[in-house]
Amino acid sequence: MSSNNNLYKAQKTSKCWLMKTEPDVFSIDDLKKNKTTLWEGVRNYQARNYMKEMQVGDSVIFYHSSSKPSGVAGLATVNKTAVPDPTQFNKKSEYFDPKATQEKPIWFCTEVKFVTKFNNFISLEDIKNDKNLSEMVVIQKGSRLSIQPVSPKDFEYIQQLSVKTTK
DNA sequence: GCCAACGTTGGC
DNA sequence: GCCAACGTTGGC
């Protein structure tokens with residue numbers, strides 16, 4: 001098999017995600033500066049399960065929530081698969097979980113790497129107004145999961161939107 | 001700051 | 001295992 005085929009296959013099997021963060025706490029600029037970060041503090045089982053599914057190289061839409069405005073600030077990628085979230089063992093952490101033990105951790109986090117910061121932020125309103133993105137989980141009623149799957153089609157579209165509006 | 005929607009907890 | 005009460009998320 002040629003290397004081109006391998007590349008094609010890798011792209012085909014990699015998944016796309018959306019990860020929410022409050023920019024006051026950790027923003028795309030923080031990620032740009034730090035290059036990578038452990039996605040600590042997720043305390044929702046569904047979001048945790050999605051993180052466990054993530055593979056190195058998966059694409060991540062970096063979403064600013066509870067912000068003015070909220071929306072997509074840039075892109076990232078999965079740098080390391082899920083490991084036990086260290087904050088669950090730390091009594092001083094706001095994310096401490098007394099039920100978790102080193103032998104039986106409850107919470108996991110992936111390492112995420114900076115890819116790009118959009119020159120033109122794509123606001124939540126932009127997404128809502130775009131018929132092509134009507135299936136995104138982030139705009140579904142009542143949806144508040146901090147980690148969500150994104151279809152490759154929607155990921156591609158968001159990526160192209162950011163390129164177009166930059167010109 | 002409000003509140004709808006969803007998740008979690010705990011009594012029964 | 002039901003479900004009321006409570007806590008949290010996150011857009012507005």
Side-chain angles (χ1 to χ4, degrees), chain A residues 15-34 36-54 58-78 81-151 153-155 157-159 161-162 165:
Chain A
K15 291 185 178 171
C16 306
W17 309 93
L18 179 146
M19 297 175 90
K20 290 183 189 172
T21 170
E22 295 185 25
D24 292 347
V25 180
F26 190 84
S27 72
I28 190 77
D29 290 321
D30 295 322
L31 184 62
K32 186 175 183 178
K33 191 173 63 186
N34 298 356
T36 65
T37 190
L38 259 190
W39 208 266
E40 296 169 333
V42 170
R43 292 296 180 269
N44 170 286
Y45 287 104
Q46 205 176 342
R48 179 204 67 179
N49 292 344
Y50 282 138
M51 232 172 346
K52 282 179 159 184
E53 274 186 46
M54 291 181 184
D58 280 4
S59 303
V60 174
I61 288 174
F62 195 98
Y63 182 90
H64 283 178
S65 65
S66 297
S67 148
K68 294 174 189 170
S70 295
V72 179
L75 302 177
T77 186
V78 176
T81 52
V83 296
D85 181 338
T87 62
Q88 70 194 306
F89 308 123
N90 179 359
K91 280 187 179 163
K92 301 223 173 110
S93 169
E94 60 172 314
Y95 300 120
F96 176 67
D97 187 339
K99 295 198 210 91
T101 63
Q102 296 280 351
E103 295 73 30
K104 283 207 158 188
I106 299 172
W107 306 108
F108 292 81
C109 54
T110 54
E111 188 180 83
V112 167
K113 186 170 77 177
F114 176 79
V115 171
T116 186
K117 177 187 176 180
F118 289 165
N119 289 326
N120 286 62
F121 187 85
I122 300 173
S123 72
L124 181 60
E125 196 187 359
D126 293 337
I127 295 173
K128 283 180 173 171
N129 289 336
D130 196 323
K131 283 182 187 163
N132 294 294
L133 295 174
S134 62
E135 285 176 16
M136 283 192 79
V137 177
V138 74
I139 54 167
Q140 305 310 313
K141 188 176 164 71
S143 158
R144 53 177 212 192
L145 256 190
S146 65
I147 295 176
Q148 312 173 352
V150 172
S151 75
K153 180 174 70 75
D154 289 345
F155 180 84
Y157 189 84
I158 290 269
Q159 198 175 22
L161 254 192
S162 76
T165 52

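Since the structure is predicted, the reported quantities are computational estimates derived from the model, not experimental observations. These numbers come from the heavy atoms of this one structure, side chains and all, not from hydrogens, waters or symmetry mates. Each chain gets a letter, A, B and so on, in the order the sequences are listed, and its residues count up from 1.
Ranking C:dG10, C:dG11, B:dA5 by closeness to the A:Lys141 side chain, first place goes to B:dA5.
Summarising the geometry, the separation between CD1 on A:Ile139 and P on C:dG11 is reported as 12 Å, rounded to the nearest angstrom. Here the C1' atom of nucleotide C:dG10 and the CG atom of A:Leu145 are 13 Å apart, to the nearest Å. Per the geometry, CZ belonging to A:Arg144 stands 6 Å off P belonging to B:dG7, to the nearest Å. Rounding to whole angstrom units, CZ of residue A:Arg43 and C1' of B:dC6 are separated by 19 Å. The interatomic distance linking A:Asn129 (CG) with C:dG11 (P) rounds to 15 Å, in whole Å. Across the protein-nucleic acid pair, A:Glu22 atom CD and C:dT8 atom C1' stand 11 Å apart, rounded to whole Å. Atom CD in A:Glu94 sits roughly 13 Å away from atom C1' in C:dT8 (whole-Å rounding). Atom CG of A:Asn44 is separated from atom P of C:dG7 by 18 Å (rounded to the nearest Å).
Across all strands shown, A:Lys128 has heavy atoms under 4.0 Å from sugar-phosphate atoms exclusively, and none from any base.
Distance alone, capped at 3.5 Å, places no donor-acceptor pair between the A:Thr77 side chain and the A:Ser59 backbone.
Checking the phosphate oxygens (OP1, OP2) of B:dC6, no side-chain nitrogen or oxygen of A:Tyr45 falls inside 4.0 Å. Between A:Lys99 and B:dT8 there is no side-chain polar atom (N or O) within less than 4.0 angstrom of OP1 or OP2. For A:Lys20 and C:dT9, the shortest distance from a side-chain N or O to OP1 or OP2 is not below 4.0 Å.
If you run side-chain hydrogen bond (donor to acceptor under 3.5 Å, both in side chains) between A:Trp107 and each of A:Asn44, A:Asp97, A:Asp85, only A:Asp97 comes through.
Using a 4.5 Å heavy-atom threshold, the side chains of A:Leu124 and A:Lys128 count as touching.
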TODO: Mind running side-chain hydrogen bond (donor to acceptor under 3.5 Å, both in side chains) on A:Thr37 and A:Asn34 for me, showing each step along the way?
DONE: CA-CA 7 Å; A:Thr37 190; A:Asn34 298 356; 5.4 Å; no

